[in-house]
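Beneath this line is the structure, given in C-alpha cells, with notes to follow.
Computation of the quantities below employed the complete heavy-atom set of this structure, encompassing side-chain atoms and omitting hydrogens, waters and symmetry-equivalent molecules.
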Amino acid sequence: MADGDSSTITIQLQDKHTTLQNHFEIDTSDNISYIFKQYAHFNGLSLEHLEFTYNGTVLSIDGDDATPTSLGMTNDDAIISVSLVGEALQEYTLVNAITTNSITETISILNNDNALLTKPLKWSDSDGNELCSPAIFIAIDYGLDELVTMMLPLYDTPTKSSNDNDNKTSATTLINTLLSKQDGYTPLQWASWMGSLPIVKVLIEVGGAQVDEEALSLSREYDHPQVATYLQQHVDIYSNIDSTDLDTMMDKACRNGDSLKVRELLEDENYDLDQWKDGEGKYLALSPMYMAMKFGHYDVVQLFIDRGGGMIDDVESALAFGGSDILISDYEKVDMKNSDATN
C-alpha cells in the first residue's frame with residue numbers, strides 16, 4: 001500500500017473529459033463516498049452531476065458502504081473515472097462545441113434547449129482564464145463571427161428560464177440585457193473590448209445591439225481604432241447633454257475626436273475659444289485644444305490650428321502644466337502639413 005503503510009491507499013480520480021486529476025489518500029476501510037464529496041467541492045461541482053466508475057462499475061455517490069478494501073483496490077489499480085452527467089454534461093458539451101467552432105453541434109444544442117442561450121456557463125478563454133457567461137460571449141471571445149451570426153436568430157424565439165416560465169423577451173432586448181458575470185458587459189461591449197470589427201458589425205446590423213458610450217470607450221481604451229470609428233457612426237454621445245451646454249459638448253467632441261462636431265461648434269455656434277486663455281493669452285490646461293492633443297486627435301487639432309496661428313506654443317504650456325507626455329513635435333508636423341497645403 002501507499003508508502004509501505006498497509007492501512008492507507010492513494011486513489012486517483014481521473015476526469016473523463018479533460019486531463020484533470022485529483023489524488024486522495026484515505027484509509028482502506030473508509031467509506032469511499034468521502035472522496036467523491038471532496039472532489040465535487042474542490043472542482044465546484046454538484047455530486048448529482050457526477051458519475052464515478054471503477055473497473056467498469058458505476059459507484060454510488062453515497063458510497064453504499066463501499067471501501068477500497070471491498071472494491072479490491074490496490075495502489076497499482078486505484079483509478080476512478082469521473083464523468084459529467086445531466087445538465088453539467090450538456091453545458092460542457094455546448095462549451096466544447098463553441099470553443100472548437102463546431103457550428104452545427106452548437107446550433108443543435110441551443111435549438112434543443114433554448115434556456116442555454118441565456119444561462120451563464122463556465123468556460124476558459126484562450127489564455128486559460130476561467131470565466132462564466134452566456135454562450136454568445138464565448139463565441140465572441142474566440143472571434144467566431146460566423147458562429148455568432150448563426151446564433152443571433154435563435155434569440156428571436158421566446159426563451160425559458162427557471163425564473164420565468166413565460167419569457168417572451170425579444171432578440172434585441174436579450175442582446176442588450178445579457179451580461180457577462182465578471183465585468184457586467186453586454187455582448188457588444190465585450191466584442192468592442194476584444195476589438196472584433198466583424199462581430200461588432202453583425203451584433204449591430206443583425207442582432208440589433210444598441211451602441212452605447214461604454215462600447216465606444218472600451219474600443220478606444222484597448223486601442224481598436226477601426227471598431228471605434230465604426231461605433232461612433234452609430235451612437236449619439238451628446239444625447240444626454242443640454243443643447244445649450246456648448247462647453248460640455250466641445251469637451252466630449254475633443255475627447256472623442258469628433259471633428260465634425262468640433263467644426264459645427266466653431267462655425268455654426270461660433271464657439272468662444274478665448275474663454276480658455278489665461279491672462280497672457282495662452283490656452284489653459286483642460287481647454288478644448290488640450291483635450292484634443294491629449295487624446296491624439298490630429299484632425300481636431302488641425303481645426304484649432306486653422307482657427308488661428310501660434311496655438312502650438314500656447315498649448316505646449318498647457319500640456320506642460322497638465323503633465324501630459326504628448327510630444328509637441330507631433331502637432332508641429334500637423335501644422336507644417338497644413339502650411340504646405342495652403343502654399
Original post:
Are Met73 and Tyr34 grouped together when hydrophobic residues (ILVMFWY) are joined by side-chain heavy atoms under 4.5 angstrom apart?
Top reply: yes
Original post:
Where the side chain of Gln275 meets the backbone of Asp272, is there a donor-acceptor pair that is under 3.5 Å apart?
Top reply: yes
Subject >> For Arg220, all residues meeting side chain to side chain contact (heavy atoms under 4.5 Å, CB included), sequence neighbours excluded >> reply: Leu216, Ala228, Gln232, Asn256
Subject >> Ion pair check, Lys201 and Glu205, cut-off under 4.0 Å >> reply: no
Original post:
Does a side-chain heavy-atom distance below 4.5 Å link Leu89 with Ser83?
Top reply: no
**OP:** Would you give the length of the straight line joining atom CG of Leu13 to atom CD1 of Ile79, rounded to the nearest 0.5 angstrom?
**Re:** 10.0 Å
Subject >> Side-chain donor or acceptor of Asn176 paired with backbone N/O of Gln210 under 3.5 Å >> reply: yes
Original post:
Can you pull the ring-ring contact (aromatic ring centres under 6.0 Å, His included) pairs that have at least one residue in residues 224-243, sequence neighbours excluded?
Top reply: Tyr230-His234
Subject >> Approximate separation, where rounding is to 0.5 Å, of Ser180 OG and Gln189 CD >> reply: 8.0 Å
Would you give me the side-chain donor-acceptor pairs under 3.5 Å for residues 40-51, sequence neighbours excluded?
unit_1	atom_1	unit_2	atom_2	d
Asn43	ND2	Asn22	OD1	3.2
Asn43	ND2	Tyr39	O	2.8
Ser46	OG	Glu48	N	3.4

Side chains of residues 129-142: which donor-acceptor pairs under 3.5 Å do they make with residues two or more places apart or in other chains?
unit_1	atom_1	unit_2	atom_2	d
Asn129	ND2	Asp125	OD2	3.0
Ser133	OG	Trp123	NE1	2.8
Asp141	OD1	Trp190	NE1	3.1
Tyr142	OH	Ser124	O	2.8

Original post:
Can you list the steps and then say if Gln233 with Thr229 is a side-chain contact (heavy atoms from CB on, under 4.5 Å)?
Top reply: CA-CA 7 Å; Gln233 299 170 4; Thr229 298; 4.1 Å; yes
**OP:** State the OG-CD distance between Ser259 and Glu264, to the nearest 0.5 angstrom.
**Re:** 11.5 Å
Original post:
With Leu188, which of Asp212, Val211, Ile199 fulfils side chain to side chain contact (heavy atoms under 4.5 Å, CB included)?
Top reply: Val211
Original post:
With side chains defined as the heavy atoms from C-beta onward, is the minimum distance between Gln14 and Val82 less than 4.5 Å?
Top reply: no
**OP:** List the steps, then state whether side chain to side chain donor-acceptor pair (under 3.5 Å) holds for Ser33 with Asn31.
**Re:** CA-CA 6 Å; Ser33 63; Asn31 190 310; 2.8 Å; yes
Original post:
Within a reach of under 6.0 Å around CD of Gln21, are more than 12 heavy atoms found that belong to other residues, nucleotides or ligands?
Top reply: yes
Original post:
Are Val206 and Leu203 close enough, and set up right, to give a side-chain contact (heavy atoms from CB on, under 4.5 Å), and what steps lead you there?
Top reply: CA-CA 6 Å; Val206 177; Leu203 285 171; over 6 Å; no
**OP:** For Thr57, check side-chain hydrogen bond (donor to acceptor under 3.5 Å, both in side chains) against everything at least two apart and list the hits.
**Re:** none
Subject >> Inter-residue atom distance Ser287.OG - Leu273.CG, 0.5 Å rounding >> reply: 8.5 Å
Original post:
Does a side-chain heavy-atom distance below 4.5 Å link Ile61 with Phe52?
Top reply: yes
**OP:** Return the set of residues passing side chain to side chain contact (heavy atoms under 4.5 Å, CB included) with Glu221 (not counting sequence neighbours), or none when no residue passes.
**Re:** Leu218
**OP:** Would you check if Thr53 and Leu59 make a side-chain contact, meaning some heavy-atom pair closer than 4.5 Å?
**Re:** no
**OP:** Scan for salt bridge (Lys or Arg N to Asp or Glu O under 4.0 Å) pairs involving residues 77-100, sequence neighbours excluded, and state none if there are none.
**Re:** Glu87-Lys119, Glu91-Lys119
**OP:** Looking only at non-hydrogen atoms, find the nearest pair between His297 and Cys254 and report the distance.
**Re:** CD2-O, 3.0 Å
Original post:
Just wondering, do Val262 and Phe304 contact through their side chains at under 4.5 Å, heavy atoms?
Top reply: yes
Original post:
If you round to the nearest 0.5 Å, how far is CG of Leu94 from CG of Asn112?
Top reply: 11.0 Å
Subject >> Transitive ILVMFWY side-chain link Tyr298 to Leu260, under 4.5 Å >> reply: no
Subject >> Selection residues 228-252 - residue pairs positive for salt bridge (Lys or Arg N to Asp or Glu O under 4.0 Å), sequence neighbours left out >> reply: Glu213-Lys252, Asp251-Arg255
Atom pairs and distances, donor-acceptor, side-chain atoms in residues 101-110, under 3.5 Å, two or more places apart:
unit_1	atom_1	unit_2	atom_2	d
Ser102	OG	Thr100	OG1	3.0
Thr106	OG1	Ser102	O	2.9

Original post:
Does Leu179 reach the side chain of Tyr185, with side-chain heavy atoms less than 4.5 Å apart?
Top reply: no
Subject >> Gap separating the OG1 atom of Thr186 from the CG atom of Leu174, nearest 0.5 angstrom >> reply: 12.5 Å
Original post:
What pairs of residues pass the ring-ring contact (aromatic ring centres under 6.0 Å, His included) test when at least one of them lies in residues 89-117, not counting sequence neighbours?
Top reply: His17-Tyr92
Original post:
Closest approach of Asp299 and Gly257, non-hydrogen atoms and distance?
Top reply: OD2-O, 4.3 Å
Subject >> Minimum heavy-atom distance Ser60-Phe36, with the two atoms named >> reply: O-CE1, 3.4 Å
Original post:
Got Leu154 and Asn114 here, is their nearest side-chain heavy-atom distance under 4.5 Å?
Top reply: no
**OP:** Decide yes or no for Ile175 and Leu152: does some side-chain heavy atom of the first lie under 4.5 Å from some side-chain heavy atom of the second?
**Re:** yes
**OP:** For Ser29, check side-chain hydrogen bond (donor to acceptor under 3.5 Å, both in side chains) against everything at least two apart and list the hits.
**Re:** Asp27
**OP:** Using side chain to side chain contact (heavy atoms under 4.5 Å, CB included) as the criterion, list what pairs up with Ser70, not counting sequence neighbours.
**Re:** Ala66, Thr67
Subject >> Nearest heavy-atom neighbours spanning Gly72 and Tyr54 >> reply: O-OH, 4.1 Å
Original post:
Under the 3.5 angstrom rule, does the side chain of Ser192 hit a backbone N or O of Ser219 as a donor-acceptor pair?
Top reply: no
Original post:
Shortest non-hydrogen contact from Ser243 to Met249?
Top reply: CA-CE, 3.6 Å
Original post:
Of the non-hydrogen atoms in Ile9 and Ala78, which two are nearest, and what is the gap between them?
Top reply: CD1-CB, 4.1 Å
